[in-house]
Each structure stands twice: as structure tokens, then as C-alpha cells.
Amino acid sequence: MNDFAQPTPHPTNAHPARVYNVWLGGKDHYQVDQEAAELAARANPTIVPSVRANRAFLGRAVRHLAAAGIRQFLDIGTGIPAADNTHEVAQRAAPEARVVYVDNDPIVLSHARALLVSGPDGQTDYVQADARDVDAILDAAARTLDFDQPVGLMLVAILQYIKDSEDPWDITRRLLDRLAPGSYLVLSHPAADVTAPEVAESMRIYNERAASHASATPRTHDEVERFCEGLEILEPGVVTLTRWRPEPADTPDDTLPMWCAVARKD
């Protein structure tokens, strides 16, 4: 699309994807993002290891879904490409896998289009939409994905940007309602009940510098578990990032304030 070729003015507010890019050691961000990332990390030193553990969790979950036969993935809240993106992990296991990425930032999608390139057998597409706009996401994704077949719905570190008043649980349910039985939900979410004071302070700092629609809300274990209502939650349940099916070299760290889970739709 020609829109992505136009110069983009420097933003006045931090954006989640660009702030994550700072924490992952990337270079695709602005000064406002750098400032928000550094101040938040100073208030909560577990942020950077949490972000890296979150990427590792995404990889383990996608590998599990691919081994279970999932060949389609809908990744909402793509973020700026980093190592081991959803399509790379999925297509290493199943070269024919199809992935649709969704983000609301044209800068993010500009990077995605340039860098997230499938192998010859798979397919990757990109949708510019807000996570709250369920119908727009699903209608656009249906160009690439067959919703009569199971899909892996990736809501990894995205739901915190949807306020309670906007009912993120209903948004998640509406997304899942369109997916075939045998689909999976993969989610992670900042925890309000792990290292709570540090999380609250880092969120306050971030929210002061983010646009109102991108402010973040940490949630408790029970609130995160609600996203899986009506689904079969895979073992070991809703756990901290390093506790979800760790690999032999992984070191458990229960101080990382993020919950995660994988659940199956029957």
C-alpha cells in the first residue's frame, strides 16, 4: 500500500510495539519510546527479562500448536519483527503454515511487510486494524485463513492495552466464536499480583507517555484465567512465563510478572 511509503512524523506518544522494540534491543523506535521504555524498566527491572521470556513462550506455544496439527495462525498485536516471529517458528515446523499478522500502527506493518517474508510453501498476510475491531480483523484475515479449519489465535502481550470498560473478555470471546473447533488461544498478560508495586509503578510511568488508547492495565491470575472461559486450558494451566512447558535449558523465574496460557476450543 502506498500509505506505508510516505514519511511518518515523529510521534508525541509512546507506542507499545516500539517500546517493546526498545526492550528487545531493537532500533526501530523514536525518542519518546526510548524514554518510556527506560523509565519503566528502571521502575521495574523485571520488564526486560519478562519481554524476552515472553518471546520464548511464544516460540514454545507455536511449536506445540504446529505439532498438534495447527497450520493457520492469527497473530494480533504483531509488534515490530524480532527473532523467531510466529510465521518463522510455525513454518520451520510446517512449511505450508499460513499466518495473518494484525497491528494498528502503520510503522509496525511497514516493517512487517518488509521483514516477515514466508518461504515458498507458506503464506503470510498483514492487516492494519485495532484489536478492538473484531469484525474488521476477521473479515480481512478470512482472505488468507480458512475459518472452517482450526486456527491458533495469538493474543500475546496485547490484551493489557484494552481497558476493563472495553471488555477485553468479550473481545476475546467474539474472536474465538468465529474459529473452528480444535482452534487454540495463546495468550500472555502482565500480572497485577506478581511483584505488584514494581508493576504498578512501571505501568504508571508508561501510561503517562502513551496515547490514551494504548495505556496498559495489568491483571490478576483470576482475571487472566477468565480469557479462557469455555476452553480446555492445557497443562500446566495459567502460569508465569517460564513455567509453561519449559525446555531443558530454561531456568524458572517466578519473579517475572506475566501470566500465560494455551487453551483449546472444543
Side-chain angles (χ1 to χ4, degrees), residues 9-58 76-80 82 103-105 107-108 130-133 154-172 187-227 238-243 253-261:
H10 283 217
T12 57
N13 296 111
H15 186 278
R18 299 192 305 263
V19 172
Y20 264 67
N21 183 258
V22 177
W23 288 330
L24 286 169
K27 301 185 183 302
D28 300 305
H29 52 262
Y30 294 101
Q31 182 62 37
V32 66
D33 308 303
Q34 179 97 21
E35 179 182 284
E38 290 178 352
L39 289 172
R42 198 176 302 159
N44 180 9
T46 67
I47 283 182
V48 172
S50 293
V51 168
R52 292 173 180 167
N54 190 57
R55 294 293 297 186
F57 160 70
L58 181 148
I76 299 176
T78 308
I80 292 170
D103 206 285
N104 65 352
D105 185 347
I107 297 172
V108 170
D130 191 280
R132 301 162 184 82
D133 198 344
M154 313 294 295
L155 297 177
V156 175
I158 182 65
L159 292 167
Q160 67 266 28
Y161 301 113
I162 303 176
K163 300 178 177 66
D164 286 358
S165 60
E166 297 167 319
D167 202 342
W169 299 277
D170 181 65
I171 289 170
T172 302
L187 77 120
S188 63
H189 196 297
D193 44 2
V194 178
T195 60
E198 292 87 350
V199 171
E201 178 62 10
S202 64
M203 288 288 184
R204 183 191 65 78
I205 290 169
Y206 166 79
N207 288 340
E208 285 178 350
R209 289 156 178 80
S212 60
H213 70 274
S215 62
T217 302
R219 294 188 169 99
T220 66
H221 182 278
D222 288 348
E223 289 172 320
V224 174
E225 193 169 52
R226 275 184 61 197
F227 290 112
V238 179
V239 294
T240 51
L241 292 166
T242 58
R243 293 290 182 182
D253 186 349
D254 292 327
T255 68
L256 302 184
M258 288 191 77
W259 298 116
C260 68

Interatomic spacing from [atom1] in [X] to [atom2] in [Y] - rounded to 0.5 Å:
| X | Y | atom1 | atom2 | result |
| --- | --- | --- | --- | --- |
| Thr220 | Arg226 | OG1 | CZ | 9.5 Å |
| Asn104 | Ile158 | CG | CD1 | 7.0 Å |
| Gln31 | Gln34 | CD | CD | 6.0 Å |
| Leu155 | Ile162 | CG | CD1 | 8.0 Å |
| Ser215 | Gln160 | OG | CD | 10.5 Å |
| Asn54 | Thr242 | CG | OG1 | 11.5 Å |

Could you tell me if the side chain of [Y] sits less than 4.5 Å from the side chain of [X], heavy atoms only?
| X | Y | value |
| --- | --- | --- |
| Arg219 | Asp164 | yes |
| Cys260 | Val239 | yes |
| Thr240 | Leu256 | no |

Check your understanding: Counting distance only, does the side-chain N/O of His221 pair as donor-acceptor with the main-chain N or O of Val238 below 3.5 Å?
Key -> yes
Determine the minimum heavy-atom distance between [X] and [Y], stating which atoms define it.
| X | Y | result |
| --- | --- | --- |
| Tyr161 | Ala216 | CE2-CB, 3.8 Å |
| Ser188 | Met258 | OG-CE, 3.9 Å |
| Val194 | Asp254 | CG1-O, 3.5 Å |
| Glu223 | Trp169 | O-NE1, 2.9 Å |

Exercise for review: Decide if the gap between the ring center of His189 and the ring center of Trp259 is smaller than 6.0 angstrom.
Suggested key: no
